[in-house]
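Some notes on the structure that comes next.
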Amino acid sequence: MNISDVSRTTGLPAKTIRYYEEIGLIGPTRAENGYRTFSETEQHKLNFLARARSLGFPVESCRSLLALYGDPDRASADVKGIAQQHLAEVDRKIEELTAMRATLSELVRACAGDERPDCPILRDLAAPG
């Protein structure tokens, strides 16, 4: 399977697939003409990476998860540890976004949104740190 075929079946852009190859996450073979050839195993890895990235796992966590997936002697505790770390990061980001939303909501509520120039949103943005 060539890169356009595997791109179509995995939903990943060819640029992303080339990047994953460049950083060593996948290793397609090269034909004599230099074109990449993707085995079923490489396609499976790309599907795995697409799903992991859709859950927000960083590339290095994907690398670790992919290695664990391929290790029949893995401990599920190692996999769970990576997922727990990521979950904690997601929870932290949710807290930040919740606080950001509350602040923005208050600023929008406080702004009259009329013809006058006074605007609490601009005042807040201009305030020192």
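The residues of the chain are indexed from 1 along the displayed sequence. Keep in mind it's a predicted model, so treat the numbers as computed, not measured.
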Let me know which of Q43, H44, K45 forms a side chain to side chain contact (heavy atoms under 4.5 Å, CB included) with T41. K45

Compare all side-chain heavy atoms of R63 with those of I23 and state whether any distance is below 4.5 angstrom. yes

Find out whether P58 and H86 are in side-chain contact, i.e. whether some heavy atom of one side chain is under 4.5 Å from a heavy atom of the other. yes

Residue pair I26, L49: steps toward the side chain to side chain contact (heavy atoms under 4.5 Å, CB included) verdict: CA-CA 10 Å; I26 58 166; L49 291 166; 4.1 Å; yes

Does atom CD (E96) have a neighbourhood of more than 12 heavy atoms from anything else shown, all under 6.0 Å? yes

Can you confirm whether more than 12 heavy atoms, excluding those of E89, are under 6.0 Å from its CD atom? yes

Under 4.5 Å between side-chain heavy atoms, hopping through other hydrophobics if needed: is there a path connecting F48 to Y19? yes

For the NZ atom of K15 and the CD atom of E22, what is their distance to the nearest 0.5 Å? 10.5 Å

Say whether V90 and L65 are linked into one hydrophobic cluster, either directly or through other cluster members, by side-chain heavy-atom distances under 4.5 angstrom. no

hydrophobic_cluster_shared for L107 and M100, side chain cutoff 4.5 Å: no

Go through E95 and R92 one step at a time and tell me if the salt bridge (charged side-chain N to carboxylate O under 4.0 Å, His left out) criterion holds. CA-CA 5 Å; E95 287 177 18; R92 185 191 64 74; over 6 Å; no

To the nearest 0.5 angstrom, please state how far the CG atom of D5 sits from the CG atom of N2. 4.0 Å

Answer yes or no: is there a side-chain heavy-atom contact under 4.5 Å between I82 and D78? no

Is it the case that atom CZ in R101 sees more than 12 heavy atoms from other parts of the structure closer than 6.0 Å? no

Presence of salt bridge, E21 and R18, under 4.0 angstrom: no

Nearest heavy atoms of L25 and L66, plus distance in Å: O-CD2, 3.5 Å

Does one hydrophobic cluster hold both V59 and F57, with members joined at side-chain heavy-atom distances below 4.5 Å? yes

Name the one of N47, L12, L46 that satisfies side chain to side chain contact (heavy atoms under 4.5 Å, CB included) with V6? L46

How far apart are the closest heavy atoms of T37 and P28, and which atoms are they? O-CB, 3.4 Å

If we only count heavy atoms from C-beta on, is the S7 to I17 side-chain gap below 4.5 Å? yes

How close do R74 and L68 get, counting heavy atoms only, and between which atoms? CD-O, 2.9 Å

Is the closest basic N to carboxylate O distance between D118 and R116 below 4.0 Å? no

In this structure, SG of C111 is separated from CG of D124 (nearest 0.5 Å) by 11.5 Å

Between E106 and R109, is there a side-chain N and carboxylate O pair less than 4.0 Å apart? yes

